[in-house]
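Position 1 is the first residue of the sequence; numbering continues from there. This one's a predicted model, so the numbers in the text were calculated from it and none came from an experiment.
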Amino acid sequence: MTVAQKILAEEDPWYFSGWALALASIVVAVSLGTWAVWAAFRSARPRRILHISVDSAVPLVTTAPGLEGRQIQVILDGHTLTSPYVVTVDVISRSALDIAPAAFSEKPLELEFGVPLVALLDQQSEAGRPAVRAPQVVVQGSAPHLGPALITQRHALRYTVLCDGKPVFQPVAEMIDVAIREQPLRPPVNWTEILMNAIEMTSLALLGGRLAKVALRQSSTWPKQPQ
């Protein structure tokens, strides 16, 4: 039997050892800390949230080398556009609850572009439920008007419009208990992965300390060289 095996044999069972109790305490502390952060995050976060942002705004007429002094025209149904832009807007719900039609206060959600809106080119609706219809959209002046309509917890709406002029986007809404955030949706935080990484790093640190302790005990039993 090696020296290390003798040392381990003389010690208490592993589940009563100091390193096992320390590991269990750290795991519990990390779990409680993670739960506390998650609970605070949930309490501070609104239960109904709409993320509204411009995904792209592409001018159809641009200046290129060799085109100076020449005229390019974009004509739609006989109407000449002076500064056409194709703009795509995302309206994404990340909510704990559905947004009911009553939350619209009997007024539509307006996606205001600040310039004449020539055409609604495309609209997409992914509600996550087959029975939920896409919100009705009515184009008025410089803005599509959405709803009132049911928007589900994970509803994703996408609209592509043709504007005549450089757009200055601004959503207009008077919704009840719904937070409007004019920014893209960020990827969700993976709390499970964070917790597992913390446990793994703690385990490696404790294992390193355990090996160092065994090595120190073994080195203390080596015969000393005569001076």
Side-chain angles (χ1 to χ4, degrees), residues 31-58 84-195:
S31 301
L32 291 176
T34 303
W35 178 84
V37 171
W38 178 85
F41 174 77
R42 290 288 295 178
S43 62
R45 183 182 180 186
R47 307 199 72 183
R48 298 177 178 87
I49 304 174
L50 282 180
H51 295 265
I52 305 177
S53 62
V54 174
D55 180 66
S56 62
V58 181
Y85 276 77
V86 174
V87 187
T88 299
V89 175
D90 291 323
V91 180
I92 299 177
S93 172
R94 285 298 178 266
S95 307
L97 301 171
D98 290 344
I99 300 175
F104 284 75
S105 300
E106 300 182 355
K107 298 180 181 179
L109 168 63
E110 301 179 21
L111 305 180
E112 178 61 55
F113 289 92
V115 293
L117 199 155
V118 180
L120 177 63
L121 302 178
D122 184 55
Q123 54 181 315
Q124 302 175 22
S125 174
E126 295 291 339
R129 304 177 198 166
V132 178
R133 298 181 179 180
Q136 183 180 4
V137 180
V138 177
V139 176
Q140 294 185 6
S142 57
H145 291 201
L146 281 63
L150 172 64
I151 298 179
T152 65
Q153 298 168 280
R154 294 295 183 267
H155 213 139
L157 302 165
R158 188 174 179 89
Y159 301 97
T160 301
V161 300
L162 176 62
C163 299
D164 193 9
K166 186 176 182 179
V168 180
F169 181 72
Q170 177 67 49
V172 179
E174 298 181 7
M175 306 185 73
I176 301 173
D177 295 332
V178 178
I180 304 295
R181 296 183 178 175
E182 299 177 43
Q183 57 187 8
L185 179 65
R186 296 179 180 179
V189 177
N190 192 334
W191 293 105
T192 302
E193 182 178 355
I194 293 176
L195 177 60

Practice task
Scan residues 119-143 for pairs that pass ring-ring contact (aromatic ring centres under 6.0 Å, His included), counting only residues two or more places apart or in two chains.
Solution key: none
Completion exercise
Interatomic distance, NE2@His51 vs CD@Glu182, rounded to 0.5 Å, equals 12.0 Å
Handout entry: Non-hydrogen side-chain atoms of Thr152 and Ser93 separated by less than 4.5 Å
Key = no
Problem - Point-to-point distance, once rounded to the nearest 0.5 Å, from CD1 of Ile176 to CD1 of Ile99 - result: 12.0 Å
Fill in the blank from the handout: Sequence neighbours excluded, the answer for side chain to side chain donor-acceptor pair (under 3.5 Å) partners of Ser56 is none
Handout entry: By salt bridge (charged side-chain N to carboxylate O under 4.0 Å, His left out) - contacts of Asp55 (at least two apart)
Key = Arg158
Exercise for the section: Give every residue pair that meets the ring-ring contact (aromatic ring centres under 6.0 Å, His included) criterion with at least one member in residues 126-146, sequence neighbours excluded. Expected result: none
Handout entry: salt bridge (Lys or Arg N to Asp or Glu O under 4.0 Å) pairs, two or more places apart, involving residues 101-113
Key = Lys107-Glu174
Fill in the blank from the handout: Rounding to 0.5 Å, atoms CG (Leu117) and SG (Cys163) come to a distance of 4.5 Å
Handout entry: Side-chain heavy atoms of Asp177 within contact of Arg47, under 4.5 Å
Key = no
Considering only distance and modelled atom types, tabulate donor-acceptor pairs under 3.5 Å from the side chains of residues 118-127, sequence neighbours left out.
| residue | atom | partner | partner atom | Å |
| --- | --- | --- | --- | --- |
| Asp122 | OD2 | Gln124 | NE2 | 3.1 |
| Ser125 | OG | His155 | NE2 | 2.9 |

Problem - By side-chain contact (heavy atoms from CB on, under 4.5 Å) - contacts of Pro101 (at least two apart) - result: Pro148, Leu150
Exercise for the section: Could you name each residue pair satisfying ring-ring contact (aromatic ring centres under 6.0 Å, His included) that touches residues 119-142, not counting sequence neighbours? Expected result: none
Practice task
For the residue pair Leu109 and Ile52, establish whether any side-chain heavy-atom pair is separated by less than 4.5 Å.
Solution key: yes
Practice task
Under the side-chain contact (heavy atoms from CB on, under 4.5 Å) rule, what do Val91 and Leu111 come out as? Steps first, then yes or no, please.
Solution key: CA-CA 10 Å; Val91 180; Leu111 305 180; 4.2 Å; yes
Per-pair distances, 0.1 Å, donor-acceptor, side chain in residues 129-138, under 3.5 Å, sequence neighbours excluded:
| residue | atom | partner | partner atom | Å |
| --- | --- | --- | --- | --- |
| Arg129 | NH1 | Asp98 | OD2 | 2.9 |
| Arg129 | NH2 | Asp98 | OD1 | 2.9 |
| Arg129 | NH2 | Asp98 | OD2 | 3.0 |

Fill in the blank from the handout: Closest non-hydrogen atoms of Ser142 and Val115, given as atom of the first, atom of the second and distance, are CB-O, 3.0 Å
Exercise for the section: Using a 4.5 Å cut-off on heavy atoms from C-beta on, say whether the side chain of Pro108 contacts that of Leu146. Expected result: no
Practice task
Tell me, please, which residues at least two apart from Phe169 pass ring-ring contact (aromatic ring centres under 6.0 Å, His included).
Solution key: Phe113
